[in-house]
2 protein chains.
Amino acid sequence: MSSVTSHDVAALAGVSQPTVSRALREAPGISPATRQRVREAADRLGYVPSAAGRALSLGRTGRIGLLVTDLDNAYYPLLIEPVHRALAARDHELVLQAGGGTPARVAERVLASGLDGVLMTSTTEGSDLPDELRRRGVPCVCLQRGTPGADLVDVDPTEALTELVGGLLDQGHQRVAVLSGPSDTSTGLERARVVRDVMDDRGIEVPTGWWRELPFTLEAGQQAGHDLLSADPRPTAVVCASDLLALGVLNTAATLGLRVPDDLAVTGFDDLPMAGWPLVQLSTVGYDVDDLAAEAVDLLLARIDQHEPSAPQHRRIRATARPRRSTAVPTTPRNAHPHQETR
Amino acid sequence: MSSVTSHDVAALAGVSQPTVSRALREAPGISPATRQRVREAADRLGYVPSAAGRALSLGRTGRIGLLVTDLDNAYYPLLIEPVHRALAARDHELVLQAGGGTPARVAERVLASGLDGVLMTSTTEGSDLPDELRRRGVPCVCLQRGTPGADLVDVDPTEALTELVGGLLDQGHQRVAVLSGPSDTSTGLERARVVRDVMDDRGIEVPTGWWRELPFTLEAGQQAGHDLLSADPRPTAVVCASDLLALGVLNTAATLGLRVPDDLAVTGFDDLPMAGWPLVQLSTVGYDVDDLAAEAVDLLLARIDQHEPSAPQHRRIRATARPRRSTAVPTTPRNAHPHQETR
DNA sequence: GCGTGCATCGTATACGTATGCACCTGAACC
DNA sequence: GGTTCAGGTGCATACGTATACGATGCACGC
């Protein structure tokens, strides 16, 4: 480390160490002249306050953990940077934490890291981890997915998803398959509910086996897509609870030589960067991830400041339907093309 | 925080605080009986050592910064998790750091965070940041890209890239364009050199304007791709210095209705997850990112332990050519198809 | 029986910052 | 001119852990 301490600055400025501390933090009760002298001394020595010393004294570190349980899921890396930006804007640091092991072990790792609070991703419904953390005195907020009784900041899917899927059904699809998310996640449950409502509203019946509950992964989408699309009859539309699932379906469609949207319409959720690529053009539901992160950070920091417990809060981010080519109305009648050399 | 300290444990176990410290860290000079008593007391109280206290006492935090300058580039998020894994395997934590501002300001942020060392990504050739950091006593290692005089762990592109591009040229391409990386990056420079060598070797001449120096982004690839592919004559192959550039070209090709590989062959570098997707099937050069991260972590921790300066080290990771459909030999003669309704 | 050595443990202290409190100085006021 | 008051500063200490060093006890040796 820098090894130049506030004592060194104090000696050079001819004041006491506490005066240095006060002067540099704009604390009241220091004359402008002294403040100036201290500042100059600090600059000359290249003084930077020690995080450890400050943490020990304040009982605060200014560090927030981002708990990522599912390292393999391609979605979560995309959350990291918005969260980092949001934290930086509030003068806090991001410490990445892996989520392996029992709640007790995870809680211990968090404790040992001396974090002021934790943002949790990929929380499953009914997880004890938020409780365990709060019991141990670590404020925590769930991001995107949550469990009842814990603070949660997530996306409200209802309006946008209804619009997207509704628009799809308006095209007259009768054979629709649904790849819904895991039922032990709040996102999986809610998006499924919204989709079911739209279906019911239009009187579309989803045959058994065409409604599948899957993890939010590309591979699951690919696998299920293969099952569904190589059967006869096959669906003309697949509604997916996440972009990764949808991308899996799109990939399978490409493999099987099915053309999108002519032979098959697909929708997703999340609007990952590649969803908008010309190559992909996936119709999906988008939202402002920076907004999501900022809201979560705001709530967490508020919890840290009060840190007397109060009723769990639930903040929601607006979402927007982003229809693209994957649900565009085909220029040729559906199923008119035998597929051939499309690769 | 937990607020239960080693003193509390000491009181409960009927020993002194230092004994607790020694007992729990398996330090020598503690009788098995005492050790056991201390362990039980610690368990009962749910004691977790304070990171701040330990950091202050040891002068070490066990935290490593990952400096990400280019938050917008889609490549770097993919580095975060392998680095995190590698650090976790060595009992260290990852703190994300943004790289904005002058070297002096960045160095101050790093200092203030009390990091044991820093891994730098997206270092430009000639950056003073590594020097500035070392001058301030912070060990640092460059990841993937570096600058002379600093430690560097990167990928050796020569063999694999020669093989990939060589294989491409063996198909008889005469009109080849090259999207090379920025010349102020070590990766950009070296990959360009390798590509040029292969070209020279086969006697392929790249016309002026067909060799472009671009940032490693999707947008740049898209833009340059549009320029090149809508001209007449257009290249039959585009060699790209990164997957993002190549994906940009693929996207443009899709927009223009060009078929890959029939009308156009494309190569990339990095083997991003989507490069292998059926939808994409980009020929590229792959390497083990976990390996890259582990090597960088290993070097950095070694530097921290010695921390007397010695000659800068340069470690390299093996790469492999991963030819896929984007450079497959077309089943139909090249340029035989007018493009039509391919979308 | 006394000294030597080792194993075991406690005492004192360092690490760097922040804060409660006492202290001092000068000015203002009666 | 003494008192009051407030602004400005230093002193002492707390935060929690790790370590150098000293103290104690016991076993063993002669």
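The chains referred to below are lettered A, B, ... by the order of the sequence lines, with proteins before strands, and numbering in each begins at 1. All figures in this text were calculated on a predicted structure; none of them were measured in a lab.
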Contact boundaries on DNA chain D for chain A, cut-off under 4.0 Å to non-hydrogen atoms
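Listed 5' to 3', the contact boundaries are D/dG8 to D/dG16.
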
Would you tell me if any nitrogen or oxygen in the side chain of [X] comes within less than 4.0 Å of OP1 or OP2 on [N]?
X	N	value
B/T19	C/dG10	yes
B/S16	C/dC9	no
A/R25	C/dT19	yes

Verify the distance criterion only: is there a donor paired with an acceptor across the side chains of [X] and [Y] at less than 3.5 Å?
X	Y	value
B/Y287	B/D156	no
B/S113	A/E93	yes
B/Q144	B/Y75	yes
B/T19	B/S16	yes
B/T34	B/S31	yes
B/D116	B/T61	yes
A/R25	A/S21	yes

Shortest non-hydrogen contact between A/T121 and A/V68, atoms and distance
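Scanning both residues completely, I find the closest heavy atoms to be OG1-CA, 3.5 Å.
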
State, to the nearest 10°, the angle formed by the axis through the first five base pairs of the helix from C/dG1-D/dC30 to C/dC30-D/dG1 and the axis through its last five.
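The helix from C/dG1-D/dC30 to C/dC30-D/dG1 shows an end-to-end axis angle of 60°.
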
Please work out which residues in residues 50-57 of chain B have a non-hydrogen atom less than 4.0 Å from an atom of DNA chain C and list them by number.
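DNA chain C contact set from residues 50-57 of chain B: B/L56, B/S57.
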
Go nucleotide by nucleotide along DNA chain D from the 5' end; which of B/S21 and A/P32 gets its closest nucleotide reached first?
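Of the two residues, A/P32 wins.
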
Please walk me through it: do B/R135 and B/E132 pass salt bridge (Lys or Arg N to Asp or Glu O under 4.0 Å)?
CA-CA 5 Å; B/R135 206 175 55 75; B/E132 176 74 12; 3.1 Å; yes

Say you draw a straight line from CD1 of B/I317 to CG of B/L292; how long is it, rounded to the nearest 0.5 Å?
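Rounded to the nearest 0.5 Å, the CD1-CG separation comes out at 5.5 Å.
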
Whole angstroms only, please: what is the CZ-C1' distance between A/R60 and C/dT17?
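Rounding to the nearest Å, CZ of A/R60 and C1' of C/dT17 are 16 Å apart.
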
Rounded to the nearest Å, what distance is computed from the NE2 atom of residue A/H7 to the P atom of nucleotide C/dA14?
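Those two atoms, NE2 and P, are 11 Å apart.
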
Between B/I304, B/L152, B/D151, which is the residue that forms a side-chain contact (heavy atoms from CB on, under 4.5 Å) with B/L299?
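When B/I304, B/L152, B/D151 are each tested with B/L299, the side-chain contact (heavy atoms from CB on, under 4.5 Å) holds only for B/D151.
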
